[in-house]
Amino acid sequence: MKKVLQDLNFAEVQALVLSMGEKNFRAKQLFEGLTKGKKISEITSLPRPFKEKLLEEYEDEPVKIEEIFRSADGTEKYLFALADGNVVEGVLMKYKYGCTQCVSTQVGCRMGCKFCASTLNGLVRNLSAGEILAQILAVNALHAADEEVKGRGREARAVTNVVLMGSGEPLDNYAQTVKFLKNVTAEEGLHIGARNISLSTCGLVPKMYELANEGIPVNLTVSLHATSDEDRARVMPVARAYKISEILKACAYYFEKTGRRYYFEYTLIEGENCDAAHAEALAALLKGRPCHVNLIRLNEVKERSLKATGDKEAYRFLGLLEKGGLSATLRRQIGSDIGGACGQLRARRLEERAAAGTDGRDGSPG
């Protein structure tokens with residue numbers, strides 16, 4: 001596998017272009033072409049010999065949209081093919097204020113959360129910063145001709161908000177995740193504001209402190225899903241390493257350093273964490289903290305035995321949290337008809353490949 005040119009920021013692209021004996025203005029042409037989601041070979045402003053030299057060392061298309069699944073509610077889910085034959089997935093969710101893309105940071109995941117399909121086959125490898133970014137560039141390019149996007153003016157792009165909640169644990173791929181955050185927020189690039197980016201973690205406490213010190217005030221979201229360490233460990237192996245009390249201290253530090261309130265995700269699992277006692281315990285645990293709770297209806301994974309709670313129980317749980325003084329919402333279900341939960345499409349594709357005896361981006365034998 002060749003290197004990924006989208007890993008580089010503008011200054012690094014400039015240095016590369018000059019090192020190859022090209023004029024400085026070629027750097028702007030190259031970087032602008034990449035930022036528009038073009039392959040190296042498609043950037044018509046660059047001379048062919050220069051592109052050929054680049055292609056000796058860099059992937060022409062490090063991330064490719066292999067398949068698109070469209071939901072009745074407008075949500076789009078993508079299978080992204082990577083240059084080495086691996087696949088990851090992403091989701092584009094459409095709201096009144098714009099479009100939010102959920103991106104993956106790893107191929108698979110080693111965190112082992114029982115409610116998540118991303119962990120079924122373990123961790124294959126980390127994505128590079130450029131592979132994370134290229135997922136967004138590919139979706140922007142896909143929708144570049146949409147009337148709604150064109151109406152946003154010269155700097156028009158489909159993706160206005162980003163959530164790092166796809167396959168993988170972002171803080172387990174810390175260096176590349178932070179590089180991605182710096183590149184995607186850079187003025188020379190997509191320039192998506194940090195306030196429009198959310199990062200979801202299962203609670204890797206040391207990395208939460210490091211992130212707080214990076215000076216990139218993204219919205220920090222922690223997967224909580226329980227009110228005691230014992231209960232949490234049943235569905236999240238990471239709970240054996242980091243206690244809830246340690247997570248809360250790290251969240252408080254994040255708020256102190258960034259001024260940003262933090263968020264907790266709480267997936268409602270039948271018979272596990274969604275009765276009145278759990279709601280009262282959650283309210284007692286978080287009351288008075290500068291946080292918000294996102295309640296999530298479990299998207300069932302066929303390989304797991306966990307079951308979703310009903311709508312009536314979900315709204316009852318929400319009401320108890322609000323009565324207990326918490327800021328909370330019940331996340332609306334989107335994309336459920338296209339396998340909207342993390343890892344489901346990838347798992348399905350891996351099953352198909354295994355049945356067909358093929359592997360790789362082009363469907364050839366591995």
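The chain is numbered in sequence order, starting from 1.
- Pairs engaging residues 16-57 under the ring-ring contact (aromatic ring centres under 6.0 Å, His included) rule: Phe10-Phe31 [sequence neighbours left out].
- Contact of the Leu30 side chain with the Ile43 side chain is registered, since non-hydrogen atoms from C-beta on lie closer than 4.5 Å.
- Follow the hydrophobic side-chain contacts under 4.5 Å out from Ile244 and you reach Leu268 in the same cluster.
- Under a 3.5 Å cut-off, the side chain of Asn196 and the backbone N or O of Val162 do not form any donor-acceptor pair.
- Arg260 and Asn219 share a donor-acceptor pair across their side chains, judged by distance under 3.5 Å alone.
- Under the side chain to side chain donor-acceptor pair (under 3.5 Å) criterion, Ser223 pairs with Glu265, not counting sequence neighbours.
- Taken from CD1 in Ile269 to SG in Cys274, the straight-line distance is 8.0 Å, to the nearest 0.5 Å.
- Within the structure, salt bridge (Lys or Arg N to Asp or Glu O under 4.0 Å) pairs that include any residue of residues 102-111 comprise Arg110-Asp172 (at least two apart or interchain).
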Could you give the side-chain donor-acceptor pairs of residues 316-326 under 3.5 Å, partners two or more places apart or in another chain?
none

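- Residues Val88 and Val63 fail the side-chain proximity criterion, which asks for heavy atoms closer than 4.5 Å.
- Taking CG from Asn273 and CD from Glu270, the interatomic distance works out to 11.0 Å, rounded to the nearest 0.5 Å.
- Rounding to the nearest 0.5 angstrom, the gap separating the SG atom in Cys102 from the CD1 atom in Ile136 is 10.5 Å.
- Interatomic distance, Ile247 CD1 to Ser245 OG, rounded to the nearest 0.5 Å: 8.5 Å.
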Pair Tyr262, His292 - check ring-ring contact (aromatic ring centres under 6.0 Å, His included), show working. CA-CA 7 Å; Tyr262 41 93; His292 180 85; over 10 Å; no
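- Side-chain contact between Ile65 and Leu142: present, with at least one pair of heavy atoms (C-beta onward) separated by less than 4.5 Å.
- Sorted by first and then second residue, the pairs that involve residues 195-217 and meet ring-ring contact (aromatic ring centres under 6.0 Å, His included), not counting sequence neighbours, are Tyr209-Tyr253.
- More than 12 heavy atoms of other residues, nucleotides or ligands shown are found within 6.0 angstrom of NZ on Lys53.
- Side-chain atoms of Arg157 come within 3.5 Å of backbone N or O of Leu190 as a donor-acceptor pair.
- With contacts defined as side-chain heavy-atom distances shorter than 4.5 Å, the pair Leu54/Ile40 qualifies.
- Rounded to the nearest 0.5 Å, atoms CZ (Phe80) and CG (Leu127) are 10.5 Å apart.
- When all heavy atoms are compared, the tightest approach of Asn140 to Val159 is OD1-N, 2.9 Å.
- For residues 229-251, no pair satisfies ring-ring contact (aromatic ring centres under 6.0 Å, His included), with sequence neighbours left out.
- When atom types are taken as modelled, the side chain of Asp7 and the backbone of Gly130 share a donor-acceptor pair closer than 3.5 angstrom.
- With no hydrogens or angles considered, a side-chain donor-acceptor pair links Asn294 and Thr329 at under 3.5 Å.
- Using a 3.5 Å distance cut-off with no hydrogens or angles, the side chains of Tyr78 and Glu76 do pair a donor with an acceptor.
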Stepwise side-chain hydrogen bond (donor to acceptor under 3.5 Å, both in side chains) test for Glu214 and Tyr174: CA-CA 11 Å; Glu214 291 287 352; Tyr174 187 82; 2.7 Å; yes
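- Screening residues 30-49 for side chain to side chain donor-acceptor pair (under 3.5 Å), with sequence neighbours left out, gives Ser41-Asp60.
- Summarising the geometry of Arg261 relative to Cys291, their closest heavy-atom pair is NH1-O, 4.1 Å, with the distance given to 0.1 Å.
- Following chains of ILVMFWY side-chain contacts shorter than 4.5 Å, one can reach Phe180 starting from Val178, so the two form part of one hydrophobic cluster.
- Gln101 contributes no side-chain N or O that, together with a main-chain N or O of Leu92, makes up a donor-acceptor pair within less than 3.5 Å.
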Residues Asp73, Lys94; criterion salt bridge (Lys or Arg N to Asp or Glu O under 4.0 Å); working and verdict: CA-CA 9 Å; Asp73 61 23; Lys94 300 179 181 180; over 6 Å; no
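- Using a 4.5 Å cut-off between side-chain heavy atoms of Ile, Leu, Val, Met, Phe, Trp and Tyr, with links allowed through other members, Ile296 and Leu224 fall into different hydrophobic clusters.
- Taking 4.5 Å as the limit, every side-chain heavy atom of Val293 sits out of range of all side-chain heavy atoms of Ser327.
- In this structure, the side chains of Cys99 and Met93 stay at 4.5 Å or more apart for every pair of heavy atoms.
- Note on Val205 and Leu248: same hydrophobic cluster, where clusters join Ile, Leu, Val, Met, Phe, Trp and Tyr whose side-chain heavy atoms are under 4.5 Å apart, directly or indirectly.
- Taking every heavy atom of both residues into account, Met236 and Cys113 meet most closely at CE-SG, 3.9 Å.
- Among residues two or more places apart in sequence or in another chain, the side chain to side chain donor-acceptor pair (under 3.5 Å) test is passed with Glu131 by Arg125.
- Leu211 pairs with exactly one of Leu199, Thr201, Thr177 by the side chain to side chain contact (heavy atoms under 4.5 Å, CB included) rule, that one being Leu199.
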From CA spacing to verdict: ring-ring contact (aromatic ring centres under 6.0 Å, His included), Phe264, Tyr266: CA-CA 6 Å; Phe264 291 106; Tyr266 193 97; 9.7 Å; no
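- In this structure, the side chain of Asp231 does not engage the main chain of Ala226 through any donor-acceptor pair within 3.5 Å.
- Using a 3.5 Å distance cut-off with no hydrogens or angles, the side chains of Gln106 and Asn126 do pair a donor with an acceptor.
- Glu59 CD to Leu82 CG: the interatomic distance, rounded to the nearest 0.5 Å, is 10.0 Å.
- Side chains of Met20 and Leu16 form a contact here, defined as non-hydrogen atoms less than 4.5 Å apart.
- In terms of heavy atoms, Gly112 sits closest to Thr119 at N-CG2, 3.5 Å.
- Looking only at side-chain heavy atoms (C-beta outward), Ser128 and Ile132 stay at 4.5 Å or farther from each other.
- Here Glu272 pairs with Arg234 under the side chain to side chain donor-acceptor pair (under 3.5 Å) rule; sequence neighbours left out.
- Between the side chain of Thr185 and the backbone N or O of Ala194, no donor-acceptor pair lies under 3.5 Å.
- Counting side-chain heavy-atom gaps under 4.5 Å among Ile, Leu, Val, Met, Phe, Trp and Tyr, Tyr263 is found in no cluster with other residues.
- Under the rule for a side chain to side chain donor-acceptor pair (under 3.5 Å), Gln6 has no partner lying at least two apart in sequence or in another chain.
- Every residue meeting the salt bridge (Lys or Arg N to Asp or Glu O under 4.0 Å) condition with Glu57, not counting sequence neighbours, appears here in chain and number order: Lys3.
- The number of heavy-atom neighbours closer than 6.0 Å to NZ of Lys179, taken from other residues, nucleotides and ligands shown, is above 12.
- The pair Glu210-Lys207 meets the salt-bridge criterion, with a side-chain N (NZ, NE, NH1 or NH2) lying under 4.0 Å from an Asp/Glu carboxylate O.
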